[in-house]
Undergrad: 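Please see the structure below; I have some questions.
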Number of protein chains: 2
Amino acid sequence: MATRRDVARLAGVSPSTVSRVLNDNGYVADDVRKRVHRAIEELNYVPNRLARSLRMQQSRQVACITPSISNSFYLEIVAGIEETALAHDYTFSLYSLTYEKREYLDVVLSGFYDGMILLAPYEMEKIVALSELAGRLPVSLYCDRERHPDLPHVYVDLRRAMRECTEHLISLGHRRIVFMGYQFSRPTQNPRYLGYRDALESNGIPLDESLTRLFPDYQDTLTCGYQTVCDLLDRGCSFTAICATNDLIAVGAMRALVEHGLKVPDDVSLTGVDDLEIASLVTPTLSTIRIPKRQIGNVLMEQMLAQIHGDAAAPRAVEVSTTLVLRESVKAPASPAP
Amino acid sequence: MATRRDVARLAGVSPSTVSRVLNDNGYVADDVRKRVHRAIEELNYVPNRLARSLRMQQSRQVACITPSISNSFYLEIVAGIEETALAHDYTFSLYSLTYEKREYLDVVLSGFYDGMILLAPYEMEKIVALSELAGRLPVSLYCDRERHPDLPHVYVDLRRAMRECTEHLISLGHRRIVFMGYQFSRPTQNPRYLGYRDALESNGIPLDESLTRLFPDYQDTLTCGYQTVCDLLDRGCSFTAICATNDLIAVGAMRALVEHGLKVPDDVSLTGVDDLEIASLVTPTLSTIRIPKRQIGNVLMEQMLAQIHGDAAAPRAVEVSTTLVLRESVKAPASPAP
DNA sequence: GGTTTATCGAAAATCGTTTTGCATACGCAA
DNA sequence: TTGCGTATGCAAAACGATTTTCGATAAACC
């Protein structure tokens, strides 16, 4: 690898002059500037970022941690992060939660990164004790669960979103609506579930426990959706609509319905959450709550940059809004409840 | 940030001794070792990776470039890369091709990375002139197109795979089989298309140009699949099976067929390539050529490590094998061709 | 002729490690 | 007493850049 010295030697100038050219610092005559640039070209010289980062005490790189590297929901957010990072000449590294707690801290705090973006709505507790990080390094969180008191974060109000979604079903005439999703440590911590209950309550529909299906976290979502519907039908449970807490669960549910000879949406309406690509690929297309993933990524990175630049005026919490996207999988029930 | 000096001071030893403890070289008495570890704990000391990398001339980090950061096909490969990287205490950064050619070289060659893994089956030419990299930095490629003469790479033989797939359809009795996929600069560079033709030829079925549908690269795959089928049907083209060159195209095609009142697989059989998650989520489930994405990632990283460690015996080209996965979307045609 | 402005070189300090050579102990055996 | 292995400290060079300071030389200006 060519160094600054080599460039200086070839251009017949001193290393300081090369620095002056590169960083636009001090007086440099035009012809000297050209000579230096030519030497850089010729040697394929690229300034060593390690040395620069070490000296400058900043790397222009951020670490980004996702629960799962192949989960397209998070990856869309990551794409948003990359977009904004790129625009500001920043680079990022991607980690998934397969790392152990301790290793994270070490890697993240080792000087390689100027900050850390955490996409960990559910698993927040599983990883780094956030308090250990606070103050040591700029951190920016994505939460879909509850707002974080201390750290800068971006969040969506899924309680309200799910309430609106459920209320839409109710307004179409649905009364027996299944809720299916993850267990969470306590159901009252599940904003999606709370939103569902809000909607029932404000419409005077009693909560039927048999229509609530919560399964443990970290299971295969598709299978969960599939088996839960099979179980419901085996028990002879009657319902006209299903709210699933994400699109994959909904797709699993859809398969189970079809295999049992039920038509979506004629016999059962179905909704998801996330608006993954798959939601508009399945037949029938899936109604869902769109979470603006790319935008979330943008905002997370902007928040990170604000912290790195010590911009005290930057907002510590940003809400991004969801949209109810109505597609083919929802319609009024054939025989509206009395 | 605490440095090695601070640790040494607190433990009452010299900085060299701390190094000896950390790197396990030279003599260190047990009680000294304990004192040092305690000091490290207390100060939350984490060795500075920038300084270490600069000194060691290696960062234990590799750059990974994908055509698209939110394409789940590549992300599965990336997950495989991460898996192996992690096992060897390596870290990686993810880039997508939104970067410009020049910027890549700079970032990748700036000392931050020990190597570069390129997932660029189609766009290989669009990015870095590979020759510029060769020799400067370890590189490992994923190719699904043609084997690369110079650089270490992992490849799949899609010509053979597509041939087997098409032959399977033929063996079921299909004669009028549509091929749809990307254009490529020349059709003869498209291994999938070649495989399709191989199968027709060896079974004495004449190639019907009207059944070959190639569309330009970089278009939205889903829409391409959808519109191509619409166009075929509008022209009154008759066919009993479709080979799509990836799963998304196939899903788009599936939607078009359903909307035209055709049943899959009763009226038309359908196959894809990749075996994305979605292939087993759609109804009917999609038959496809499985590409072992995770394994590809593993092998890519292993190849990278071999290069970094200067292991001359490591193979420069590794073929991973595909599998024809038969699901619901394929069956014998209702009225076999005469 | 003196002062200012433009231009460049030389040198040093710094970032936090790793690594090496050399000095200094100590304990123990020959 | 000498010699050797073990255990530790100290100092210095190196990695490759940034930044600053200090000069030295011009040319330009009044």
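Because only heavy atoms are used, hydrogens play no part in the values below, and waters and symmetry mates are left out as well, while side chains stay in. Keep in mind that what you see is a predicted model, and the values were worked out from it rather than measured. So that the names make sense, note that chain A is the first sequence line, chain B the second, and so on, each numbered from 1.
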Undergrad: May I have the distance from B:Arg49 (atom CZ) to C:dT17 (atom P), rounded to whole angstrom?
TA: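 These atoms are roughly 14 Å apart.
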Undergrad: Would you kindly say whether A:Thr91 and A:Gln61 are connected by a side-chain donor-acceptor distance under 3.5 Å?
TA: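 There is no such pair between these side chains.
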Undergrad: Please tell me whether A:His153 and A:Tyr155 form a close aromatic pair, meaning their ring centres lie under 6.0 Å apart.
TA: yes
Undergrad: What's the CG-P distance between A:Asp31 and D:dA26, to the nearest Å?
TA: 16 Å
Undergrad: To the nearest Å, give me how far apart CZ (B:Arg33) and P (D:dT6) are.
TA: 15 Å
Undergrad: Can B:Lys34 and B:Asp31 be counted as an ion pair, charged N to O under 4.0 angstrom?
TA: no
Undergrad: Between protein and nucleotides 13-20 of chain D, what N or O pairs are separated by less than 3.5 Å?
TA:
{"unit_1": "D:dA14", "atom_1": "N3", "unit_2": "B:Arg55", "atom_2": "NH1", "d": "3.3"}
{"unit_1": "D:dC15", "atom_1": "O2", "unit_2": "B:Arg55", "atom_2": "N", "d": "3.4"}
{"unit_1": "D:dG16", "atom_1": "OP1", "unit_2": "B:Gln57", "atom_2": "NE2", "d": "3.1"}
{"unit_1": "D:dG16", "atom_1": "N2", "unit_2": "A:Ala51", "atom_2": "O", "d": "3.3"}
{"unit_1": "D:dA17", "atom_1": "OP1", "unit_2": "A:Tyr45", "atom_2": "OH", "d": "2.8"}
{"unit_1": "D:dA17", "atom_1": "OP1", "unit_2": "A:Asn48", "atom_2": "N", "d": "3.3"}
{"unit_1": "D:dA17", "atom_1": "OP2", "unit_2": "A:Arg4", "atom_2": "N", "d": "2.6"}
{"unit_1": "D:dT18", "atom_1": "OP1", "unit_2": "A:Arg52", "atom_2": "NH2", "d": "3.0"}
{"unit_1": "D:dT18", "atom_1": "OP2", "unit_2": "A:Ser19", "atom_2": "OG", "d": "3.4"}
{"unit_1": "D:dT18", "atom_1": "O2", "unit_2": "A:Arg55", "atom_2": "NH1", "d": "2.1"}

Undergrad: Do A:Glu277 and A:Ser72 have side-chain N/O donor and acceptor atoms under 3.5 Å apart?
TA: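 Judged by distance alone, the side chains do not pair up.
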Undergrad: Which label fits B:Phe73 and B:Tyr142: parallel for a plane angle under 30°, tilted from 30 to 60°, or perpendicular past 60°?
TA: tilted
Undergrad: Quick one: does any side-chain atom of A:Lys293 pair with a main-chain N or O of A:Ile291 as donor and acceptor, under 3.5 Å?
TA: yes
Undergrad: Send over the distance from A:Phe112 CZ to C:dC15 C1', rounded to a whole Å.
TA: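 So the CZ-C1' distance, A:Phe112 to C:dC15, works out to 14 Å.
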Undergrad: OP1 or OP2 of D:dT6 versus the side-chain N and O atoms of B:Tyr27: is any pair under 4.0 Å?
TA: yes
